[in-house]
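What follows is a single structure, written as C-alpha cells, with notes after it.
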Amino acid sequence: MSTHTANTDGTNHDAHDHGHHHETFISKYVFSMDHKMIAKQFLITGIIMGVIGMMMSLIFRLQLAYPDMKFPFLESVIGQWGKDGKLDPNFYLALITIHGTIMVFYVLTAGLSGTFSNLLIPLQVGARDMASPFMNMLSYWFFFLSSIVLLSSLFVDGGPASAGWTVYPPLSALPKAIPGSGTGMTLWLVAIILFIASALLGGINYITTVLNMRTKGMKMTRMPLTIWAFFITAVLGLLSFPVLLGAGLLLIFDRSFGTSFYLNEIVAELAGGIERVGGSPVLYQHLFWFLGHPEVYIILLPALGITSEVIATNSRKPIFGYRAMIGSILAIAFLSFIVWGHHMFITGMNPFLGSVFMLGTLIIAVPSAVKTFNYLATLWKGNLHLTPAMMFAIGLVSFFISGGLTGIYLGNAALDINLHDTYFVVAHFHLVMGSAAIFGMLSGIYHWFPRMFGRMMNNTLGYIHFWLTLISAYCVFFPMHFMGLAGVPRRYYANTAYDQFNVFVDMNQFVTIAAIIGGAAQLLFLINFFGSIFKGKRAPQNPWNSNTLEWTAPVKHIHGNWPGDIPYVYRWPYDYSKPGSELDFIPQNIPDADQTDPLDEPKPVHFDLKNTTMPLVENKEA
Amino acid sequence: MKIVTSVLKSLVLVTALFSFSITAAFAQSAEEGEKLYNANCTSCHAINEKVVGPALKNVHTKRKEAWLLKWIKNSQALIKSGDADAVAIYKENNESVMTSFENLSDNQIKSIIAFIKKESEAPLQASVVPTGTSSSNTTTTDSISAEVSGTLKTSINWLVIIIMLLLIMVIVLVLDILAKVGEIQGKPVINWNGINAKLMLAFGSIGILASAWEIWEHGKLTVFNQTPASTHGAEYDNMFMITLIITGIVFFITQGLLFWYAYKYKHSSKRRALFYPDNHKIELIWTVIPAIVLTILVVRGLKTWTEMTGEKDPKSRIVEVYGYQFAWNARYAGDDNILGKHDFRQIGVMNALGVDTNDLKAQDDIVTNELHLGVGEPVLLKFRAKDVIHSAYLPHFRVQMNVVPGLPTQFGFTPSLTTAEMRQKLNNPKFDYVILCNKICGGAHYRMKMKVVVHTKEEFKQWLAQQPRLVNKSTPNAQATAQVETSTKTKVAN
C-alpha cells in the first residue's frame with residue numbers, strides 16, 4: 001500500500017503538457033495513445049468482428065435447419081462455396097471454425113476485455129493513463145493486424161482454416177488433409193500469434209497500471225470489482241497465452257518444416273513426403289487447453305466484473321460480500337489453471353488423471369455458486385433501476401446459472417463420455433461463455449456509453465433489444481441440450497444420414513428462426529449505438545449516480561482524465577443507500593466528516609435488517 | 001472379401017464402350033459393385049445429388065473407363081500428371097482430395113461402375129438418402145408428401161419471420177413516437193420501470209414453465225429415455241439422473257428468485273434500498289452447502305468413472321476399430337483373440353489396414369465393414385486411426401473414445417440388448433445401432449458411420465464363422481468357431 005503517492009505529482013505534470021499539445025487527426029483517432037480512444041478502437045473493431053461472426057452463424061444455421069433446400073443468394077454472397085445455393089460441406093467447417101475463432105478471441109477477449117480494461121482501469125483507479133500508452137497503442141494495432149490477417153484467410157485458395165476453432169492436429173497439421181488446412185490454416189496461425197502479441201502487450205499494461213498507478217487512498221480493498229476482474233483476467237492471460245504461442249509455433253514447424261511434435265505414424269504420402277513418427281497429437285491438446293480453459297475465464301471474469309458494478313449501482317445497494325466476491329474471483333482464477341484436462345476426458349488419458357481433473361473442475365462450482373448467491377443477495381431489497389445495462393446484467397446472471405449448471409454434467413468425467421462433443425456442449429458454452437459474456441459486454445456498453453461518447457443511448461431501443469436478445473438466445477440454445485442428450489454430434493453439416501435424428505428437424509428450424517430474430521435484434525443495437533454517438537442526448541457527468549471515480553472526470557475527454565489534481569479516494573466504491581447519508585450514493589472521492597487522511601477507513605455504520613422502513617430522503621434524480 | 005481402404009470420392013464415370021455387353025456377368029458384377037459402393041463410396045457420394053463429392057449419375061458416359069480406373073486408384077497422381085479433366089474436377093470441387101483406392105482391383109472398380117450405370121438408368125425413385133424434411137416422429141414418410149409439407153412449412157416459417165420483423169419495426173416506431181410525446185408533455189407516457197418489471201416476472205414464470213415442459217417433452221427424444229444398450233449404461237443413467245435432479249432444483253430456485261427479485265424490488269421513489277453489505281454467517285452457509293452437494297456428486301461420479309474405465313474383463317473379445325477419412329472398419333482378433341501386428345507403412349500396400357499377414361497371429365483376424373457383437377459378451381474395442389483424429393461414439397451404449405493416429409486407445413463394455421430387442425423397445429423396425437464419428441475430420445465427417453449389430457450369442461457365433469479370415473487357409477466352419485472358445489478359455493487359464 002505504499003506506492004500510490006509517488007505518481008500523483010509526476011502525472012500531473014504530464015497532464016499539463018498533454019492539455020496543450022496540438023493533435024492531428026492521425027494522432028488523435030488513428031495512432032492514439034490515449035486509453036479512452038484505444039478503448040473505443042477495440043470496441044468498434046470488436047463490434048465489426050462480432051457482426052461478421054454472427055452473419056457466419058446465420059449462414060450455417062440455415063444449412064442446419066434446411067439441409068435439403070437451396071438458397072440461391074448464397075452463391076452471390078460466398079461464390080464458389082455456395083454453388084447452386086448449396087453450402088459446400090468443407091466451407092461449412094470453415095464457417096464454424098472462423099465463427100468460433102472470431103467470437104472467442106476477437107469479440108469476447110479483445111472486444112470485451114480490451115475495451116473495458118482500457119477504458120476503466122485508469123479512470124477507476126485514478127490514473128492519468130496506462131503505465132505505457134505506447135505499448136497500449138501497439139496492443140490495438142497488433143489486434144487490428146491480426147483481424148485483417150484472419151479475415152484475409154477467407155479469400156485464399158482452399159478457404160480459411162476448417163479444423164474447428166481448436167485446430168487439433170493432425171487435421172490442422174497435414175496441409176492435404178482438408179482444403180482448409182492449406183494456406184488458410186497458416187494464416188490462422190499467423191493471426192493467432194499476432195493476437196497473442198496484442199493480448200500480452202495489453203495484459204502487462206493492465207497489471208502494471210493496477211499495481212502501481214492507483215491514486216492515493218485506492219487500496220486494493222477499495223478497488224471496484226470491475227478492476228479486480230480486469231486485473232485477474234490480465235494475470236490469467238499473461239500466464240496462459242504464451243503457452244498457446246508455443247503450441248502454435250510447434251504446429252507451424254510440423255506444417256512447414258517437417259517436424260513431428262504432434263504427429264505419429266503418419267505415412268509420407270499424407271505428410272508432404274516425410275514420414276512422421278514419435279510425436280503426440282494429444283500433446284497439442286494439452287498445450288491448447290492450458291490456455292483454452294483459462295481463456296474461458298479471460299472471457300467471463302470481465303463480464304462478471306461489469307455485472308457486479310452495474311448491479312450494485314442500479315440496485316442502489318452495496319454489492320453483497322465484497323471480499324467474498326474478490327475471493328471467488330481469485331479461487332476461480334487459480335482453479336482455471338488446473339482443470340484443462342476436462343476437455344480431454346475421452347482422449348484415452350489415464351483414468352486416474354481424469355479423476356483429478358474432474359475433482360478440480362467440480363470445485364469451481366463452489367466459488368461460482370457464491371458469486372451467483374451474492375448477486376441474488378445484492379438484488380434482494382434493492383431499489384432496482386431497470387436500465388438497459390441493469391437488465392443485461394440480470395440476463396447475464398440468468399445465463400450464468402443455466403450454463404453453469406450444465407457444466408456440472410460435463411465436468412463429471414463419467415457423464416462426459418456420452419456428452420462430449422455433442423450439442424449439449426454447444427448449448428453449455430454458448431450459454432455460459434457466449435451469451436453470458438455478450439450480455440456482460442452489452443451491459444458494459446449501455447452503462448459506460450455516456451462515459452465513452454459523452455452522450456446517452458436510447459433507452460427504448462435498449463429495452464426492446466434486451467428482450468428480443470434474451471428470448472431469442474434462450475430459444476436458440478436451450479433446445480440444443482436435448483439434441484445433445486439424444487447424441488447429435490456438433491460440427492455436423494447435416495443430420496440427414498441418421499434416421500434417429502430426424503425427430504430434430506423441427507427443432508433445428510425453430511432454432512434457426514430464433515437465431516435470425518436474435519440477429520435482427522442486434523440491428524436495433526447497432527442503430528442505437530452508432531446513432532447515439534452522433535445524435536444521442538448529451539450525457540450529464542454522472543448519469544447513474546455512481547460512486548466510482550470515472551464519473552468524477554469531466555464529460556469531455558481530455559488527456560490525463562482530470563483537469564486538476566487526481567481525486568483522492570476515501571472509501572470503498574459501494575456506499576449506496578448508506579444510513580445517515582442524505583443521498584443514496586457517496587462517491588469514492590468524498591471524505592467522511594472527520595476523515596482527513598485518505599488511508600483511514602470511514603466510520604463503520606451500524607445497520608440492521610429492521611432499519612429498512614425508516615423514512616427516507618429522496619435523491620434529486622428520482 | 002477384400003477390404004477397401006478408403007472412401008471413393010470421386011467423379012466416377014464410364015465409357016460408352018462399356019455399355020455394349022449387358023450380360024449375366026454384368027448383372028452379377030453390378031451386385032458385387034453395390035456392396036463395394038456402399039462400403040467405400042457413400043460417405044462422399046450419392047448417385048443423384050452432390051454430397052461432398054459430385055453426383056455419380058451417368059459418370060460412365062462422361063468419362064472413359066481407363067481414366068476412371070486411374071482416377072479412383074489415385075486421383076492426385078492423375079492431377080499431377082496434368083490431365084485437364086482431372087485438374088478441372090479437382091478445382092470444381094474446391095480442391096478436396098479424393099481418397100486413393102489403390103487396393104481395389106480393376107475388376108472391383110469395374111463392378112462399381114456397373115452398379116452406378118444400373119442405378120443411373122433406373123427410373124428416379126425415392127432416393128436412398130432420408131429426406132430431412134419429414135416432420136413427425138416417424139422415420140418413414142412418403143418422400144413426395146414430405147417434400148410438399150416441407151416446402152409449405154418452410155414458406156410459413158419465412159412468413160412468420162417477415163411478419164415478426166415488421167412487427168418489431170412497428171413497435172419501435174410507436175414507442176419512439178410515444179417517447180417524443182412524453183418529452184413534449186414533460187411526463188413519460190410509458191412507465192418503463194413497471195413494464196420491464198412485469199416483463200421480468202412474466203419471462204421468469206413462462207421461462208420456468210417452458211423449460212419444465214421442454215425437459216418433460218423433449219426429454220423423451222433423448223437416449224436417456226431409452227434403456228441403455230450396455231451393462232454399465234444403467235450406472236451411467238443413474239449418475240445422470242442424480243445430476244439432473246440436483247441441478248434442476250438449483251436451476252428452478254435460483255432463476256425463480258432472480259426474476260422474482262427483478263420484479264419485486266423495482267424502483268420506487270417511496271422506498272430506499274437496504275444497506276446490507278455483508279453477513280459472514282450467510283456466506284459461510286452458501287459456501288458450505290454447495291461444497292457438500294458437490295462432494296456427493298464428485299464421489300458418485302468417481303465411482304461411475306472408475307467403473308466405466310477400470311480393469312476390463314480379461315475374457316473380453318478383442319476387436320479393433322479402425323477409422324479413416326471417412327469410414328470405419330472393424331478387425332476381429334480371430335480364434336486366438338490376439339490382434340496381429342500392423343504397420344502404418346503397410347496401410348494400403350499389404351492390405352487396407354496395414355496388417356502384417358506374415359504374422360501368424362494376424363492370419364485368423366477378420367476384417368469387416370460392420371461391427372457385430374454378441375449380447376452379454378464383454379468386448380474390448382481397441383481404436384486405431386490412419387490419418388487424423390476421429391472419435392468413435394456409440395450413444396446407445398454410453399460409449400465414446402477418441403481414435404488418435406499413433407496413440408492406441410480402448411474402451412471395454414458389454415452389450416445388453418440385441419438390435420432386435422432394441423427395435424422392439426423403440427417400436428421402430430428400422431432402428432440400427434451406429435458408431436458415429438464425433439471429432440471433426442473433414443468434409444464428409446457428418447456421414448462417417450458404421451452400422452453396429454448386436455446378436456444373440458448363437459447368432460453372433462454363426463455370423464463370425466461365416467466371415468473370411470485375413471489369410472484364407474480353409475473355409476471357415478463351425479469347427480473354427482469352436483476353436484475360438486477353446487483358445488479364449490486357454491488364454492484365460494494362462
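Nothing here was measured: the structure is a model prediction, and the numbers come from that model. So you know, we letter chains A, B, ... as the sequences are listed, proteins then strands, and number each from 1.
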Testing the basics here: between [X] and [Y], what is the closest heavy-atom pair and its distance to 0.1 Å?
{"X": "A:Y492", "Y": "B:C437", "answer": "OH-O, 2.6 Å"}
{"X": "B:P395", "Y": "A:Q500", "answer": "CG-NE2, 4.4 Å"}
{"X": "B:I389", "Y": "A:P281", "answer": "CD1-CB, 4.0 Å"}

For the pair B:D387 (side chain) and A:L270 (backbone), establish whether a donor and an acceptor sit closer than 3.5 Å, ignoring hydrogens and angles.
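No, because the side chain of B:D387 does not come within donor-acceptor range (under 3.5 Å) of the backbone of A:L270.
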Would you confirm whether the ring centroid of B:F240 sits within less than 6.0 angstrom of the ring centroid of A:Y409?
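Between B:F240 and A:Y409, which both carry aromatic rings, the centre distance is below 6.0 Å.
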May I ask you to check whether A:F320 and B:W286 place their ring centers less than 6.0 Å from one another?
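Yes; B:W286 has its ring centre under 6.0 Å from that of A:F320.
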Are any non-hydrogen side-chain atoms of [X] and [Y] less than 4.5 angstrom apart?
{"X": "B:L297", "Y": "A:N412", "result": "no"}
{"X": "B:H267", "Y": "A:N383", "result": "yes"}
{"X": "A:V366", "Y": "B:L294", "result": "yes"}
{"X": "A:P318", "Y": "B:F275", "result": "yes"}
{"X": "B:L257", "Y": "A:L379", "result": "no"}

Taking atom types as modelled, is there a side-chain donor on A:W467 or B:N196 under 3.5 Å from an acceptor on the other?
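A:W467 vs B:N196: donor-acceptor pair found between side chains.
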In terms of relative ring orientation, are B:H218 and A:F482 parallel, tilted or perpendicular, with 30° and 60° separating the classes?
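Taking A:F482 first and then B:H218, their aromatic rings stand perpendicular (interplane angle over 60°).
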Going through the checks in order, is the salt bridge (charged side-chain N to carboxylate O under 4.0 Å, His left out) test met by A:D421 and B:K439?
CA-CA 7 Å; A:D421 272 347; B:K439 190 62 87 185; 2.8 Å; yes
Below 4.5 Å, heavy-atom pairs only: which of A:G164, A:S398, A:A268 has the largest tally toward chain B?
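So the answer, after comparing A:G164, A:S398, A:A268, is A:S398.
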Output the option from A:T166, A:I394, A:I464 having the highest count of non-hydrogen pairs under 4.5 Å with chain B.
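Ranked by heavy-atom pairs under 4.5 Å with chain B, first place is A:I394.
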Side chain to side chain contact (heavy atoms under 4.5 Å, CB included) evaluation trace for A:Y493 with B:H445
CA-CA 8 Å; A:Y493 169 73; B:H445 169 52; over 6 Å; no
